[in-house]
Amino acid sequence: MEAQVLSKTYEPGAVEDKWYEYWMERGFSRADTDSTKAPYSIVIPPPNITGSLHMGHALNNTLQDIVIRFQRMRGFNVLWMPGTDHAGIATQNVVERKLAEQGLDRHGLGREKFIERVWQWKEQYGGVITNQLKKLGASCDWSRERFTMDEGLSEAVREVFVRLYHEDLIYKGNYIINWCPRCRTALSDLEVEHDEESAKLYHLAYPLKSGGGLITVVTTRPETMLGDTAVAVNPKDDRYLVLIGEKVILPILYREIPIIGDEHVDMEFGSGALKVTPAHDLNDFEIALAHGLEMVKVIDEDGKMGKEAGPYQGMDRFECRKKIVGDFERDGTLLKMEDYRHNVGHCYRCKTIIEPTLSKQWFVRTKPLAEAAIQAVTDRRTKIIPSVWEKTYFEWMNNIRDWCISRQIWWGHRIPAWYCEKCDEIIVSKEEPHSCSRCGGREFRQETDVLDTWFSSALWPFSTLGWPKETEELRVFYPTSVLITGFDILFFWVARMMMMGLKFMGDVPFRHVYIHALVRDIQGRKMSKSRGNVIDPLLVMKEYGTDAFRFTLAAFAAQGRDICLSEERIEGYRHFANKIWNASRFSLTNLADFRGIAHEVDFHEMSLANRWILSRFNETVREVTEALEEYRFNEGAQAIYHFIWHEFCDWFLELIKPVLYGKDDQQERTVTQYVLMRVLDGALRLLHPFMPFITEEIWQRLPQEGKSIMIADFPRYDGGLRDEEAIGDMDLVMRTIGGIRNIRGEMDIAPNKRLDVLLLAEEDGIRERLEQCRKYVIHLARVDRLSFITSGQKPRDAARAVLRDMEILVPMGKGLDLEGEVRRLKKEIHKVEKDLEIADRKLSNDEFISKAPEEVVEKVKLKKEALLIREKKLRESLGKILEIQGSTLSKGGR
RNA sequence: AGGCACGUAGCUCAGGGGGAGAGCGCUACCUUGACGCGGUAGAAGUCGGCGGUUCGAAACCGCCCGUGCCUACCA
């Protein structure tokens with residue numbers, strides 16, 4: 001017998017890289033456009049090239065890999081399309097910071113040189129995250145890896161831009177946008193984070209032009225008063241009605257501005273009079289448009305006061321605020337200052353306070369695109385899972401606003417628009433134009449703005465497949481099967497892919513959208529570097545093994561919104577991996593001399609243990625398959641966990657040990673080896689999507705011919721293996737053994753002491769069934785002699801366990817702990833009585849009898865009968881014990 | 001301000017209209033020839049509170065309390 005040499009514990013570090021390389025070298029994850037198999041595809045949410053693997057990536061990609069491996073094993077032609085995102089602002093910031101360390105800045109370098117530097121940086125560090133994904137086991141088709149700025153994708157971006165522009169779905173316009181003075185770029189609404197902050201609410205008095213009156217306005221940003229071009233009041237407001245049409249003298253600058261009536265003004269808030277600063281507030285901007293007001297920009301791109309700011313020119317906006325407040329105070333026109341909490345917008349990248357600013361930007365007209373995207377989800381061409389997110393999706397889509405897509409940075413897709421040097425005509429085309437369509441001029445300057453990073457991301461599901469070319473990839477793999485992502489980018493990304501996919505492909509980009517939770521720390525906080533609460537997935541993988549980590553993520557994936565990762569859980573699943581390892585070690589040792597079976601064995605001829613485990617395995621196949629089909633990762637994980645540990649290891653392996661060790665029945669031994677082999681192999685396959693590495697490591701040692709478990713068939717449910725009788729008989733065995741063990745525990749009997757056990761089973765068939773599996777009971781409960789008795793033969797001095805269909809007695813002689821036994825029996829009687837009470841209450845309720853479904857009533861009746869029998873037996877037993885106790889006492893035994 | 005989640009054993013969390021579950025932790029015992037990263041047994045919860053629907057609610061509905069998140073142009 002050649003012994004397999006396996007170490008006593010599973011060491012993940014030693015095998016993970018080896019198998020990943022093996023898979024990749026042999027191209028097991030490669031998709032094939034010529035395949036006759038049905039296609040199954042997922043596009044990865046492309047991580048930023050600046051990124052390094054965090055918990056969110058780990059969860060997201062683990063779930064994708066589980067689905068991908070599952071579907072691949074089920075026989076689909078699988079494509080998992082990988083790639084990375086150029087991450088405009090983020091990447092530019094990183095490189096700028098690096099330059100700053102060398103005392104350089106991008107302006108000194110110039111645009112071209114700077115972009116060159118970014119590409120260099122990308123070559124050097126951009127692959128970090130993809131290597132980390134490989135560590136995680138992600139079975140992407142790396143031969144197709146794409147980057148949002150590579151040539152093909154850039155062409156797709158230009159194509160889309162040009163087509164949208166010519167359909168008037170992209171326009172350039174003056175608008176108030178979110179400006180980050182530090183990044184010096186416009187941001188979309190989504191890129192602004194709102195946080196509640198403490199501030200002051202200033203009450204400022206503006207003098208009326210006609211005579212000595214004053215009107216009070218209220219603001220949190222006094223410095224913007226320099227750009228005020230009106231004061232607005234609600235036309236329904238009696239206090240101010242007469243003032244509408246009057247003029248106000250703007251303090252400090254002494255500009256005349258009108259008092260206007262506008263219904264948007266809230267009469268309840270502050271004084272009910274609103275200072276209108278169209279160039280620095282969205283709301284004011286809209287009022288100004290409606291009333292044809294002037295728009296005066298007083299804050300510049302760098303956050304400093306501009307030339308319209310009069311005496312404050314050149315000051316930082318917050319310094320200016322202090323100064324102006326001081327000036328008002330001095331003049332006695334600062335009427336009040338109160339504490340106030342309100343939301344302030346911050347740049348999502350650098351946390352600088354956003355300055356709403358009037359600016360000329362490029363926009364996508366989103367409403368026409370959104371209609372189709374709403375329709376596609378309404379009629380379920382794309383299904384959002386879990387469906388609660390549909391509501392959020394609709395809410396946003398229905399209230400969508402035009403999308404500001406231009407960014408004043410350098411790293412990104414430069415907008416394909418050119419301005420004629422002679423007449424300023426805008427020409428939008430994929431390549432630089434030859435001559436101006438209006439004046440025939442031949443000199444052009446290209447638009448300097450680049451596109452929002454999410455613009456190229458929106459095209460990802462088809463641009464990565466080769467669009468605008470008509471490729472085989474598009475034909476086979478579009479629409480993709482599912483998109484798996486966190487809810488934090490539902491609007492940023494999912495919604496926009498829906499719009500673009502429908503617009504340019506004429507079909508939804510994915511059939512399903514599965515939204516998973518975000519990973520938070522143990523206090524439920526979002527993990528972030530600044531909070532210092534990050535758990536580094538790479539360290540976790542190193543310490544506990546990738547498989548244990550992946551399994552933990554899958555097991556946690558149920559929660560709606562949050563996953564608070566606990567290291568104890570990961571440790572628990574490391575133990576699970578080790579358990580699998582050792583069960584396999586045991587199995588392999590005992591399979592060493594297995595040479596296969598001569599001919600197929602009839603399932604119904606097999607031993608109880610064999611039929612039972614095959615039947616249970618089969619059920620587990622069904623559970624795991626159904627769970628994964630519906631993205632219920634935690635349920636799949638739990639089903640396979642329970643099967644392997646608590647059925648395969650706890651019971652099956654223990655049950656078959658005598659068979660494997662014994663030499664007498666070679667036929668049963670061979671069949672059992674066969675079943676062991678089959679179930680172990682099947683369990684590994686079921687587990688493979690969750691734990692790819694350990695399953696491969698073990699599977700390769702099994703006597704089989706396959707190249708890799710990764711491309712082996714996923715087990716299929718087999719109706720022929722369903723065996724209710726085996727399940728029922730094993731239940732009897734397990735309860736009997738449990739009863740004996742319980743007595744052992746309660747009576748404090750040493751585990752290795754062999755017992756004489758008496759079974760009283762008078763019900764029909766129970767005794768016969770138990771007779772057939774007595775060997776299991778004898779072995780696992782460490783029984784010396786197992787005898788069946790009738791109720792007349794009950795010994796007095798026995799510890800007993802009363803089950804619903806039998807009694808287990810262990811004669812104890814003098815060793816019987818009378819008091820302990822009395823206590824235990826009383827406790828059980830109490831429990832039974834309580835259950836009886838509940839059953840009685842139900843059965844004596846006429847309405848229950850008449851209204852509850854028949855099977856429920858029947859169930860309660862049966863239960864009551866069983867309880868009554870059990871109660872009777874327990875009382876009998878108690879009586880016996882008390883009798884002994886009484887006689888012992890009367891003999892003066894105490 | 002609106003909206004959406006969540007509140008179940010000491011901890012982390014499943015489940016979900018008819019007998020309260022798992023893992024970890026805890027207690028006791030066990031080096032039984034795969035595994036002490038193990039085994040066996042055990043203790044432990046008025047399923048956030050109050051109402052309602054129902055024959056029956058931990059689950060469905062309403063309100064309240066607590067927590068978290070998302071959306072929003074109240075200066």
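Lettering follows sequence order; numbering is per chain, from 1.
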Checklist entry - Should A57(B) form a Watson-Crick or G-U wobble pair with both distances under 3.5 Å, which nucleotide is its partner? => result none
Next on the checklist: So if I take every side-chain heavy atom of Arg569(A) and compare against A75(B), C73(B), U12(B), which nucleotide ends up nearest?
Outcome noted: U12(B)
Checklist entry - Is Asn752(A) touching bases, backbone alone, or none of the nucleic acid, heavy atoms closer than 4.0 Å? => result nothing
Checklist entry - Where the side chain of Glu635(A) is concerned, which of A41(B), C24(B), G15(B) is the nearest nucleotide? => result G15(B)
Checklist entry - When you measure from the side chain of Glu654(A), which nucleotide among A72(B), C55(B), A34(B) comes out closest? => result A34(B)
Next on the checklist: Looking only at side-chain N and O atoms, does Tyr175(A) offer a donor or acceptor that is under 3.5 Å from a partner on Asp402(A)?
Outcome noted: no
Checklist entry - Using a cut-off of 4.0 Å on non-hydrogen atoms, how would the nucleic acid contact of Pro853(A) be classed: base, sugar-phosphate, or nothing? => result base
Checklist entry - Does the side chain of His575(A) get closer than 4.0 angstrom to OP1 or OP2 of G38(B) through an N or O atom? => result yes
Item to check | Ion pair check, Lys831(A) and Asp835(A), cut-off under 4.0 Å | outcome: no
Checklist outcome for this item: Among G23(B), A34(B), A72(B), the one nearest any side-chain atom of Tyr641(A) is G23(B)
Checklist entry - Taking any strand in view, what nucleotide pairs with C50(B) in a Watson-Crick or G-U wobble way, both distances under 3.5 Å? => result G62(B)
Next on the checklist: For C35(B), does the base pair up with any side-chain atom of Lys8(A) as donor and acceptor (N or O, under 3.5 Å, distance only)?
Outcome noted: no
Next on the checklist: Can you check the distance between A57(B) and A20(B), where both ends of the measurement are the P atom (answer in whole Å)?
Outcome noted: 13 Å
Item to check | Assigned partner base of U31(B), Watson-Crick or wobble definition, under 3.5 Å | outcome: none
Checklist entry - Has Lys391(A) got a side-chain N or O lying under 4.0 Å from the OP1 or OP2 atom of C4(B)? => result yes
Checklist entry - From the list C55(B), C73(B), A75(B), which nucleotide is the closest neighbour of the side chain of His342(A)? => result A75(B)
Item to check | Selection from C69(B), G19(B), G38(B) that lies nearest to any side-chain heavy atom of Lys579(A) | outcome: G38(B)
Next on the checklist: I'd like to know if Asp281(A) and Lys275(A) make a salt bridge, using a cut-off of under 4.0 Å between side-chain N and carboxylate O.
Outcome noted: no
Next on the checklist: Using the P atom as the point on both nucleotides, what is the distance between C13(B) and G68(B), in whole Å?
Outcome noted: 14 Å
Next on the checklist: I need the CD-P distance between Glu828(A) and G42(B), as an integer number of Å.
Outcome noted: 10 Å
Checklist entry - For Tyr661(A), which contact category applies under a 4.0 Å heavy-atom criterion: base, sugar-phosphate, or nothing? => result base
Checklist entry - Can you tell me the Watson-Crick or wobble partner of C70(B), both distances under 3.5 angstrom? => result G2(B)
Item to check | Spacing between Met397(A) atom CE and C70(B) atom P, to the nearest angstrom | outcome: 20 Å
Next on the checklist: Suppose you measure atom P in C37(B) against the same atom in A5(B); what distance do you get, rounded to whole Å?
Outcome noted: 44 Å
Checklist entry - For the pair made of CG in Asp488(A) and P in G68(B), what is the distance, rounded to whole Å? => result 19 Å
Checklist entry - What integer distance in Å separates Trp651(A):CH2 from C35(B):P? => result 20 Å
Checklist outcome for this item: With the side chain defined as heavy atoms from C-beta on, Lys863(A) is closest, among C30(B), G18(B), G19(B), to G19(B)
Checklist entry - Could one point to a donor on the side chain of Asn582(A) or the base of C35(B) with an acceptor on the other under 3.5 Å away? => result no
Checklist outcome for this item: Re G36(B): Watson-Crick or G-U wobble partner, both distances kept under 3.5 Å, found to be none
Item to check | G16(B) and A22(B), which share atom name C1', separated by this distance in whole Å | outcome: 15 Å
Item to check | Minimum-distance nucleotide (side-chain atoms of Phe491(A) versus A75(B), U71(B), C55(B)) | outcome: U71(B)
Checklist entry - Between Asn590(A) (CG) and A34(B) (P), how many Å, whole number? => result 8 Å
Next on the checklist: When the C1' atoms of G21(B) and G62(B) are compared, how many Å lie between them, rounded to an integer?
Outcome noted: 29 Å
Checklist entry - Any side-chain N or O of Tyr340(A) under 4.0 Å from OP1/OP2 of A75(B)? => result yes
Checklist entry - What distance, rounded to whole Å, do you find between the two C1' atoms, one in C47(B) and one in C6(B)? => result 14 Å
Item to check | Length of the CG-P vector between Leu490(A) and G3(B), whole Å | outcome: 19 Å
Checklist entry - Separation of Phe285(A) atom CZ from A75(B) atom C1', in whole Å? => result 17 Å
Checklist outcome for this item: Here the distance between atom P of C6(B) and atom CH2 of Trp389(A), to the nearest Å, is 11 Å
Item to check | P gap between G38(B) and G10(B), integer Å | outcome: 24 Å
Checklist entry - Is Tyr393(A) near enough to G3(B) that one of its side-chain N or O atoms lies under 4.0 angstrom from OP1 or OP2? => result no
Next on the checklist: Tell me if the centroids of the rings in Phe690(A) and Phe551(A) come within less than 6.0 Å of each other.
Outcome noted: yes
Item to check | Whichever of Arg782(A) and His646(A) has its nearest RNA chain B nucleotide further upstream toward 5' | outcome: His646(A)
Next on the checklist: Salt bridge or not between Glu828(A) and Arg870(A)? Use side-chain N to carboxylate O under 4.0 Å.
Outcome noted: yes
Next on the checklist: Counting only Watson-Crick pairs (N1-N3 plus N6-O4 or O6-N4) and G-U wobbles (N1-O2, O6-N3), all under 3.5 Å, who is the partner of A44(B)?
Outcome noted: none
Checklist entry - In whole Å, what separates the C1' atom of U71(B) from that of G25(B)? => result 41 Å
Item to check | side-chain contact (heavy atoms from CB on, under 4.5 Å) between Phe643(A) and Ile613(A), intermediate numbers included | outcome: CA-CA 9 Å; Phe643(A) 174 76; Ile613(A) 198 68; 3.8 Å; yes
Next on the checklist: Closest approach to the side chain of Leu282(A), judged atom by atom: which nucleotide of C73(B), A75(B), A34(B) is it?
Outcome noted: C73(B)
Checklist entry - Between the side chain of His280(A) and the main-chain N/O of Thr357(A), is any donor-acceptor distance below 3.5 Å? => result no
Checklist entry - Does G39(B) have OP1 or OP2 sitting under 4.0 Å from an N or O in the side chain of Trp645(A)? => result yes
Item to check | RNA chain B: 5'-proximal contact among Pro751(A) and Val388(A) (nearest heavy atom) | outcome: Val388(A)
Checklist entry - Is Asp846(A) touching bases, backbone alone, or none of the nucleic acid, heavy atoms closer than 4.0 Å? => result nothing
Next on the checklist: I'd like to know whether the aromatic ring centres of Tyr393(A) and Trp389(A) sit less than 6.0 Å apart in this structure.
Outcome noted: no
Next on the checklist: Determine whether Glu654(A) and His779(A) satisfy the following criterion, side chain to side chain donor-acceptor pair (under 3.5 Å), listing intermediate values before the conclusion.
Outcome noted: CA-CA 9 Å; Glu654(A) 296 304 330; His779(A) 171 59; 5.1 Å; no
Checklist outcome for this item: Considering only heavy side-chain atoms of Arg401(A), the closest of C70(B), C37(B), C73(B) is C73(B)
Next on the checklist: For A22(B), give the paired nucleotide (Watson-Crick: N1-N3 plus N6-O4 or O6-N4; G-U: N1-O2 and O6-N3; both under 3.5 Å), or none.
Outcome noted: U12(B)
